[in-house]
Amino acid sequence: MKTKHTRTKQAIFAKPTQANIRFADIEALVVAMGGEVIEREGSRVRITLRGEEWRPHRPHPGKEAKKYQVEEFRELLERTGEKP
């Protein structure tokens with residue numbers, strides 16, 4: 001993984017939950033970890049990582065993921081065995 005992906009992962013596991021993580025950085029991290037990001041209808045995407053799924057909406061009009069989205073993605077990482 002690149003340094004940028006490592007920083008994104010550290011930000012996701014940081015407490016208190018950050019609300020300044022770009023959603024595109026989360027998607028890039030998923031791809032770097034071997035997962036896939038599938039476009040769905042509207043702003044919806046399906047993120048699959050090691051057999052686990054997460055189906056969020058891309059944030060708009062802003063680019064940053066909401067706190068609850070960061071927490072849901074953290075839970076996805078934990079379910080797949082990732083650690084901070």
Side-chain donor-acceptor contacts of residues 10-17 below 3.5 Å, not counting sequence neighbours, with atom names and distances?
from, atom 1, to, atom 2, distance (Å)
Thr17, OG1, Glu71, OE2, 3.1
Thr17, OG1, Arg74, NH2, 3.0

Residues forming a salt bridge (Lys or Arg N to Asp or Glu O under 4.0 Å) with [X], sequence neighbours excluded:
X: Glu52; answer: Arg79
X: Arg50; answer: Glu82
X: Arg22; answer: Asp25

>> Test side chain to side chain contact (heavy atoms under 4.5 Å, CB included) on Val70 and Lys67; report intermediate values, then the result.
In response: CA-CA 5 Å; Val70 174; Lys67 280 188 176 187; 5.7 Å; no

> How long is the gap from NZ on Lys83 to NZ on Lys9, to the nearest 0.5 Å?
Replying inline: 10.0 Å

>> Nearest 0.5 Å, please: how far is OG1 in Thr80 from CG in Leu77?
In response: 5.0 Å

>> Minimum heavy-atom separation for Val30 and Thr48, please, with both atom names.
In response: CG1-O, 4.2 Å

>> For Arg44, I'd like to know if atom CZ has over 12 heavy atoms of other residues, nucleotides or ligands within 6.0 Å.
In response: yes

>> Going by the rule ring pair (Phe, Tyr, Trp, His ring centres under 6.0 Å), which residues pair with Phe73 if we only count those two or more places apart in sequence or in a different chain?
In response: Trp54

> Under 4.5 Å between side-chain heavy atoms, hopping through other hydrophobics if needed: is there a path connecting Val31 to Leu29?
Replying inline: yes

>> Listing request: all ring pair (Phe, Tyr, Trp, His ring centres under 6.0 Å) pairs with a residue in residues 16-47, at least two apart in sequence or in separate chains.
In response: none

>> Side chains of Met33 and Leu49, heavy atoms from C-beta outward: is any pair under 4.5 Å?
In response: yes

>> Among residues at least two apart in sequence or on other chains, which ones pass side-chain contact (heavy atoms from CB on, under 4.5 Å) with Ala32?
In response: Met1, His5

Show every donor-acceptor pair shorter than 3.5 Å between a side-chain atom in residues 55-63 and any protein atom, with sequence neighbours excluded, or say none if there are none.
from, atom 1, to, atom 2, distance (Å)
Arg55, NE, Glu53, OE1, 3.0
Arg55, NH2, Glu53, OE1, 2.8
His57, ND1, Ser43, OG, 3.2
Arg58, NE, Glu27, OE2, 2.8
Arg58, NH1, Glu39, OE1, 2.9
Arg58, NH1, Glu39, OE2, 3.4
Arg58, NH2, Glu27, OE2, 2.9
Arg58, NH2, Glu39, OE2, 2.7

